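See structure below.
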Amino acid sequence: MTIDAIEFDWVADLVRRETAIVLGAGKEYLVETRLTPLAYDAGEPCVEEWVRRVRSGGTPHQRRAIVEALTTNETSWFRDGPVFDVLRDTVLPGLLSARGAAPVRLWSAAASTGQEAYSLAMLCHELDPHRRAEIIGTDVASAVVGQAAGGCYDRLAISRGLTAQQRAAYFQESARGWRIDPSLQRHVSFRTLNLARPFDGLPRMDLVLLRNVLIYFDAPTRLDVLRRVRSVMAPGGWLLLGTAESANDSDLFVPERIGAVTLYRPR
Ligand SMILES: C[S@@+](CC[C@H](N)C(=O)[O-])C[C@H]1O[C@@H](n2cnc3c(N)ncnc32)[C@H](O)[C@@H]1O
């Protein structure tokens, strides 16, 4: 049985209001699958019935759990390898030399469980272990922000995208999994931030990774997010989107191709 239209529409509306993620027709199965564990935890084997209960008298905590369960947090180390080759060979060396003694600021703007932000920290360390890089990872989902800040990864997560050398150099194995080395972790901070709302308190960013998140928004929201991202970028900064995403339908950025990778400069 799939969730009925009234409960589905209520969930889709809640998720959209809280995150701008669009759950269109055809996503009923996704909603049902993601919410099944929450319903079970609440002692209710029927998802539809549980959603109905939350809709008519649930707590803010239950509504928040629904929203976070419907974020898609797929990520891995050095995801889309050629992108990180371009960052290591061209973009980061250019930024490090242009910024002189000032810290380079990098933002992983939909950081999920932190692999993207820590991959950036590894690249910076490889390029110059003595330079100060400030890396900020943000995400709308507090559960993944907590995991990212903890910096501890299980066997499956650690196996996706790291070489054996990187694992040995940057992680310590413990009973709970592989923990990112504190010397790398101190360059990276995480916090919750909703891209669909005004950003407060962010410094000027030299490089923004806004990857694999715009695909979940509608066109006006994508444009709005791009506009606000641009407003926090330093002159000479770079924006990197996911491989299925583009900023070409805005006049905010100029695409620049390096090898097979397209990056964007603020116009
Ligand atoms: C597929 S992951 C991408 C992770 C990483 N950027 C990568 O490419 O591997 C998408 C992330 O976007 C986050 N997200 C969705 N809507 C968001 C919003 N409105 N504000 C901030 N983050 C959001 C999700 O919680 C999820 O962790």
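Note that ligands are numbered from 1 as they come in the structure, with each ligand's atoms numbered from 1 the same way. Note that this is a predicted model, so its numbers are computed, not measured.
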Regarding T138 and R191, is there a side-chain donor-to-acceptor distance under 3.5 Å anywhere?
no
Any idea which atoms of ligand 1 are less than 4.0 Å away from a heavy-atom of [X]?
X	value
E116	5 (C), 6 (N), 7 (C), 8 (O)
I21	15 (C), 16 (N)
S112	4 (C), 27 (O)
L195	18 (C), 19 (N), 20 (N), 21 (C)
T71	24 (C), 25 (O)
A110	3 (C), 4 (C), 5 (C), 6 (N), 11 (C), 12 (O)
T19	18 (C), 19 (N)

To which protein heavy atom is [atom] closest, and what is the distance rounded to 0.1 Å?
atom	answer
atom 2 (S) of ligand 1	T72 O, 3.3 Å
atom 13 (C) of ligand 1	D139 OD2, 3.3 Å
atom 8 (O) of ligand 1	N212 ND2, 2.7 Å
atom 9 (O) of ligand 1	T75 OG1, 2.6 Å
atom 7 (C) of ligand 1	R79 NH1, 3.2 Å
atom 23 (C) of ligand 1	V140 CG1, 3.5 Å

Any sub-3.5 Å donor-acceptor pair from [X]'s side-chain atoms to [Y]'s backbone N or O?
X	Y	value
D206	R105	yes
H187	A133	yes
R265	G236	yes

Does R211 reach ligand 1 with a nitrogen or oxygen that is under 3.5 Å from one of the ligand's nitrogen or oxygen atoms?
yes
Honestly, is R228 close enough over F199, meaning NZ or CZ under 6.0 Å from the six-membered ring centre and within 45° of the axis?
yes
Any ring-ring contact (aromatic ring centres under 6.0 Å, His included) pairs touching residues 232-267, not counting sequence neighbours?
none
Salt-bridge criterion met for R52 and E44 (N-O under 4.0 Å):
no
Please determine whether any non-hydrogen atom of L193 lies less than 4.0 Å from an atom of ligand 1.
yes
Quick one: side-chain contact (heavy atoms from CB on, under 4.5 Å) partners of T163, sequence neighbours excluded?
Q165, Q166
Side chains of T192 and V140 in contact at under 4.5 Å (non-hydrogen atoms)
no
